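Below is one structure; the comments refer to it alone.
Numbered from 1 within each chain, the chains take letters A, B, ... in sequence-line order. Given the structure is predicted, the values throughout are model-derived calculations rather than measurements.
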Protein chains: 2
Amino acid sequence: MGASLKDVAALAGVSVKTVSNVVNGYTYVAPHTREKVEQALAELEYRPNLSARNLRRGRTGVIALALPELDAPYFAELSRFVIDAAVERGWTVLIDQTDGLADREREVLQGIREQLIDGLIFSPITVGREELAARTDSTPMVLLGERIMDGPTHHVAIDNQRAAREMTEHLISLGHTRIGAIGAQENPSANTAHLRLAGYRQALEAAGLPYDERLAPPTASYHRADGAAVMRRLLELDEPPQAVFCFNDLLALGALRTALTSGLRVPDDLALAGFDDIEDGRYSTPTLTTISPDKAHIARTAVELLDARISGSGRGGRPAEDDGQREVEADYRLIVRESTVRP
Amino acid sequence: MGASLKDVAALAGVSVKTVSNVVNGYTYVAPHTREKVEQALAELEYRPNLSARNLRRGRTGVIALALPELDAPYFAELSRFVIDAAVERGWTVLIDQTDGLADREREVLQGIREQLIDGLIFSPITVGREELAARTDSTPMVLLGERIMDGPTHHVAIDNQRAAREMTEHLISLGHTRIGAIGAQENPSANTAHLRLAGYRQALEAAGLPYDERLAPPTASYHRADGAAVMRRLLELDEPPQAVFCFNDLLALGALRTALTSGLRVPDDLALAGFDDIEDGRYSTPTLTTISPDKAHIARTAVELLDARISGSGRGGRPAEDDGQREVEADYRLIVRESTVRP
DNA sequence: TGATACGATTACATCGTTGAAACAGCGTTG
DNA sequence: CAACGCTGTTTCAACGATGTAATCGTATCA
């Protein structure tokens with residue numbers, strides 16, 4: 001195994017602590033000694049044992065990123081930014097995949113890995129306000145996605161409801177009056193879905209259009225297959241929609257596939273919009289109109305907030321009662337592409 | 001912070017070691033004692049300090065997954081399987097994103113995180129045989145992707161060359177004689193690219209078709225944008241190809257976009273094939289003919305191999321000279337979809 | 001010259017856990 | 001009844017690093 005400080009010390013003919021001092025850049029080390037030690041360090045290819053260091057320091061340098069699915073493009077893209085931002089700060093990121101299962105999300109909250117991580121960035125799907133509030137684990141946490149509680153939990157999110165309203169308004173502005181939505185959820189804790197649905201309804205109402213439940217059927221999850229299946233149902237309606245707003249791009253891509261194989265022309269016969277701006281939607285034919293959250297901004301901000309919380313909370317102490325901004329609203333843009341407007 | 005064994009021991013009125021024994025399910029603990037201790041454990045919400053445990057045991061329970069890009073769908077999908085398989089074995093997975101940069105890949109090999117992880121699953125892009133052979137870090141490693149050296153490095157991969165040949169044969173069997181390829185790489189260490197190109201050329205040769213370099217221009221990387229750009233160049237040729245084999249699905253999706261916007265019908269005017277079977281290709285229009293590696297199998301096997309190596313190599317000892325199979329060839333299937341054959 | 005200050009280094013305890021080994025109690029066995 | 005074996009528990013040392021305080025040598029100053 002790797003050499004320890006002891007080995008290096010023996011080789012350099014100094015004490016263990018001196019080697020430690022050199023490693024940690026302690027000021028008062030004689031140049032001569034420093035050189036000797038550094039030579040020994042190099043010769044033995046010394047690498048600090050992080051377990052030991054962490055045990056002593058009470059920090060691990062590792063943060064966890066807990067999210068539903070790594071293979072959903074939105075999360076994959078977001079993860080890359082989170083990891084980039086974390087690495088910049090010298091952190092290592094460990095991934096916790098919850099599959100959106102309530103049990104796993106609860107485990108995350110209860111701090112399965114409490115002792116292994118300094119902080120947690122968590123993108124919940126099913127757990128709700130109560131469970132978040134009931135959290136006992138004291139590991140600093142930052143939530144991704146809409147704010148779900150008013151407590152001291154930091155979070156970073158775009159204004160889902162407003163974005164959804166804008167998108168729906170966009171569809172209305174194109175002259176459509178029968179506008180469907182794909183992505184409603186029956187689970188009352190599915191916060192994001194509810195917010196986007198609320199934005200959709202808001203826009204309809206503002207335009208004096210009726211809300212028709214049959215045009216916004218619930219989906220099991222947010223994958224392409226769900227979008228494809230629900231789209232099929234919408235097309236079977238007596239009066240199918242002229243436009244459909246999908247609550248994420250995957251649903252939209254699934255819906256697009258169904259529409260195209262059904263012989264519809266998009267956007268001529270049916271306008272389609274998504275949400276998330278994943279790369280797929282920029283290369284599909286037609287390309288996808290969507291809401292583009294600033295993922296890099298979200299990721300960077302989340303990591304920064306977490307950093308602040310971690311630095312702020314001394315070992316054993318609670319986090320400072322007020323450690324700066326805790327609710328960050330991230331930017332987003334509505335991007336119009338071929339799926340709603342022929343260029 | 002969390003309670004330690006000491007606190008629990010004090011509360012339960014036993015020695016620290018007895019608590020440790022209870023926690024670790026040691027057999028010889030009197031039922032009465034066990035109960036007392038368990039009560040104390042529950043009351044204090046004890047959670048073992050992993051740093052300390054790892055320091056003592058010499059294991060961390062963490063493995064690293066080093067790959068180029070988390071947001072490339074193939075890797076995202078693969079990661080999900082790797083994480084699933086690792087979690088099943090009680091491991092936590094930490095992600096190392098190399099961006100395919102030689103420096104970062106080298107760092108991975110040199111064991112930046114050596115002391116934090118028990119093992120490493122590595123999917124290299126640029127580092128070659130020499131660098132892999134020169135590795136000094138003794139952390140058990142399993143490579144993903146084609147075998148790059150004959151040394152003691154375990155690896156899991158499909159037969160890239162054979163798969164590429166089969167795909168090219170498929171295109172030939174459709175009657176195409178001018179078949180392009182997208183994904184060749186100039187970097188001589190880009191092993192996968194070379195293998196797929198070799199398979200492509202093999203098939204051409206076997207069919208008595210000439211290899212035309214202009215039909216297989218190099219790409220900078222393997223993203224949709226590269227596919228789109230190279231496709232544009234191919235279409236500008238005096239004699240554009242009738243079919244194009246892209247070395248991954250992203251390239252194919254990019255190429256598809258270019259083809260469709262250029263007014264070509266796929267597959268009628270141009271047949272397109274990819275490689276990887278990412279989900280996008282199952283929902284694009286047309287759906288994508290591709291090579292489908294058994295990702296779950298690859299992931300599971302990699303984790304199993306790693307497990308064996310980790311268990312096999314005692315602390316401080318070298319891994320056993322022969323610890324079972326080390327070169328695993330994973331399954332794959334050629335999936336014909338709409339992009340090459342109209343249904 | 002002796003006190004003082006400061007630079008450079010070291011000894012020691014400690015973080016929380018676990019393996020090794022010792023020990024205590026008690027029933028068996030020859 | 002001594003020796004033995006078994007269960008149940010404890011003591012001790014160690015994993016590798018680092019914070020604290022002590023130590024040592026040397027230059028500085030009154």
Once you round it to whole Å, what is the distance between C1' of D/dA14 and CZ of B/R53?
-> 17 Å
With the side chain defined as heavy atoms from C-beta on, A/K6 is closest, among C/dG16, D/dA17, D/dC15, to D/dC15
Positions of residues 17-35 of chain B (non-hydrogen atom under 4.0 Å from DNA chain C), listed by number = B/K17, B/S20, B/N24
Side chain to side chain donor-acceptor pair (under 3.5 Å) involving B/K36 - partner list, sequence neighbours excluded = none
Is there a donor-acceptor contact under 3.5 Å from the side chain of A/R104 to the main chain of A/Q97?
-> yes
Which residue pairs pass the salt bridge (charged side-chain N to carboxylate O under 4.0 Å, His left out) test when at least one of the two sits in residues 73-89 of chain A, sequence neighbours left out?
-> A/E77-A/K295, A/R80-A/D84, A/R80-B/D71, A/R80-B/D99, A/R89-A/D307
The correct set of residues in residues 7-15 of chain A placing a heavy atom under 4.0 Å from DNA chain D is none
Taken to the nearest whole Å, CG/B/L55 to P/C/dT18 is 11 Å
Look at the side chain of B/R59 and the backbone N and O of B/I310, then say whether any donor-acceptor pair between them is shorter than 3.5 Å.
-> yes
Report yes or no: does B/E105 contribute a side-chain atom to a donor-acceptor pair with the main-chain N or O of B/V127 at less than 3.5 Å?
-> yes
Would A/T60 and A/D118 count as having a side-chain donor-acceptor pair, cut-off 3.5 Å?
-> yes
Distance-only, no hydrogens or angles: does the A/R106 side chain make a donor-acceptor pair with backbone N or O of A/E131 under 3.5 Å?
-> no
Could you tell me the separation between the CG atom of B/N49 and the C1' atom of C/dT18, rounded to a whole number of Å?
-> 13 Å
Atom pair distance, as rounded to whole Å: CG in A/L44 and P in D/dG16 = 14 Å
When you measure from the side chain of B/T98 to the backbone N and O of B/L101, does any donor-acceptor pair fall under 3.5 Å?
-> no
Length of the line joining B/L50:CG and C/dG16:P, which is rounded to integer Å | 13 Å
Donor-acceptor contact present, side-chain B/T301 to main-chain B/H297, <3.5 Å = yes
Donor-acceptor under 3.5 Å (A/D7 side chain, A/A3 main chain) | no
Length of the line joining B/R57:CZ and D/dG16:P, which is rounded to integer Å = 16 Å
Show me the side-chain donor-acceptor pairs of residues 22-34 of chain A shorter than 3.5 Å, one per line, residues at least two apart or across chains.
| from | atom 1 | to | atom 2 | distance (Å) |
| --- | --- | --- | --- | --- |
| A/N24 | ND2 | A/S20 | O | 2.8 |
| A/N24 | ND2 | A/S20 | OG | 3.3 |
| A/R34 | NH2 | A/Y26 | O | 3.1 |

Five pairs at each end of the helix from C/dT1-D/dA30 to C/dG30-D/dC1: take the axis at both ends and give me the angle between them to 10°.
-> 70°
Using atom CZ of B/R56 as one end and atom P of C/dT18 as the other, report the distance to the nearest whole Å.
-> 9 Å
